[in-house]
Each structure stands twice: as structure tokens, then as C-alpha cells.
Amino acid sequence: MPWRLLPLILLAGCGLTPEAWVTLAGGVGIGSVAIIGRTPLDAVYSTLSGKDCSVVRMEKGQSYCRPQEPPPAPPPYCTRSLGVVDCWQDPAALPGQPPQVAAGPTALTPEQEAHRTRQWPFY
């Protein structure tokens, strides 16, 4: 027997019955929810829309698609006072611009902003 006919002989008995199709579809659905947290239809919709959408979120009482996160608020401007630290929301209103207690970053880096606004499936 020629070796080229071997795959045809092996695949000859692989026709699926309706029960086998239902079992296969259920297994794929359960497996995808367990692995990627969404059904195959959710994965297709999320890929096409670029949003993180899942029926698992709805089951938790949340919206179907994850809302876009707003950028973080700027940190307060904190200065030293007599024995305490005072924090200000609007440092432009301070006379003389006293130095801050902690001189950390006041905004996200471009890499952090790209990570914050990434789209599915790159979570």
C-alpha cells in the first residue's frame, strides 16, 4: 500500500455525529472560558472591537465590555509646614512655589500609558 493513502485511511472514520459536535463545541467553550476568560464568540467580538468583552464579566454583574479606564489623577503637591505636611490640589495657587516633600513622577511614562490603554488580546 502506498504511504500517501495512509492519512485517508486514518481519517475515514472521523465523521462526527451531532452529539459529538455538541460535545466538541461545549468542550471548546468551557476550555476557552477556563483559559482565556471568554467564550470563542467573545474572543472574536473582542478581537474585532479591540475591547475586553466577556459573558463572564456579565455573570459577575459587570458590563459586557470593560470600560475605558480614565487616566490617573495627578498626585497632590505636598509641602512642609510647621510640624505637619500640607497637601495642595492646585500648586499654581501657592505663593512662591515651596519645594515638595517628595519629588516623584507626576505623570505616567509613555510605556505606562501604552500599557494602560492597550487593547485586547494584548492584556
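No hydrogens, no waters, no symmetry mates; every other heavy atom, side chains included, goes into these values.
- Without hydrogens or angle criteria, R38 side chain to C53 main chain gives a donor-acceptor distance under 3.5 Å.
- Side chain of D42 to backbone of V55: a donor-acceptor contact under 3.5 angstrom is found.
- S54 places a side-chain N or O within donor-acceptor distance of the main-chain N or O of G37, the cut-off being under 3.5 Å.
- Within the 3.5 Å criterion, the main-chain N or O of Q112 finds a donor-acceptor partner in the side chain of T109.
- Under the 4.5 Å side-chain heavy-atom criterion for ILVMFWY residues, no single connected hydrophobic cluster contains both I30 and L41.
- Note that CZ of R116 is 6.5 Å distant from CD of Q68, once rounded to the nearest 0.5 Å.
- Partners of R80 by salt bridge (charged side-chain N to carboxylate O under 4.0 Å, His left out), not counting sequence neighbours: none found.
- Looking only at side-chain heavy atoms (C-beta outward), E69 and T117 stay at 4.5 Å or farther from each other.
- Rounded to the nearest 0.5 angstrom, Y77 OH and Q97 CD are separated by 4.5 Å.
- The closest side-chain heavy-atom distance from Q89 to P76 is below 4.5 Å.
- A heavy-atom distance below 4.5 Å is not found between the side chains of C78 and D86.
- The side-chain heavy atoms of P67 and K51, taken from C-beta on, include no pair separated by under 4.5 Å.
- Side chains of S63 and R57 form a contact here, defined as non-hydrogen atoms less than 4.5 Å apart.
- Residues T106 and P74 have side chains not in contact (no heavy-atom distance under 4.5 Å, counting atoms from C-beta outward).
- In this structure, the side chains of D52 and C65 stay at 4.5 Å or more apart for every pair of heavy atoms.
- Between P40 and S32, the shortest heavy-atom distance links the atoms CD-OG, 3.2 Å.
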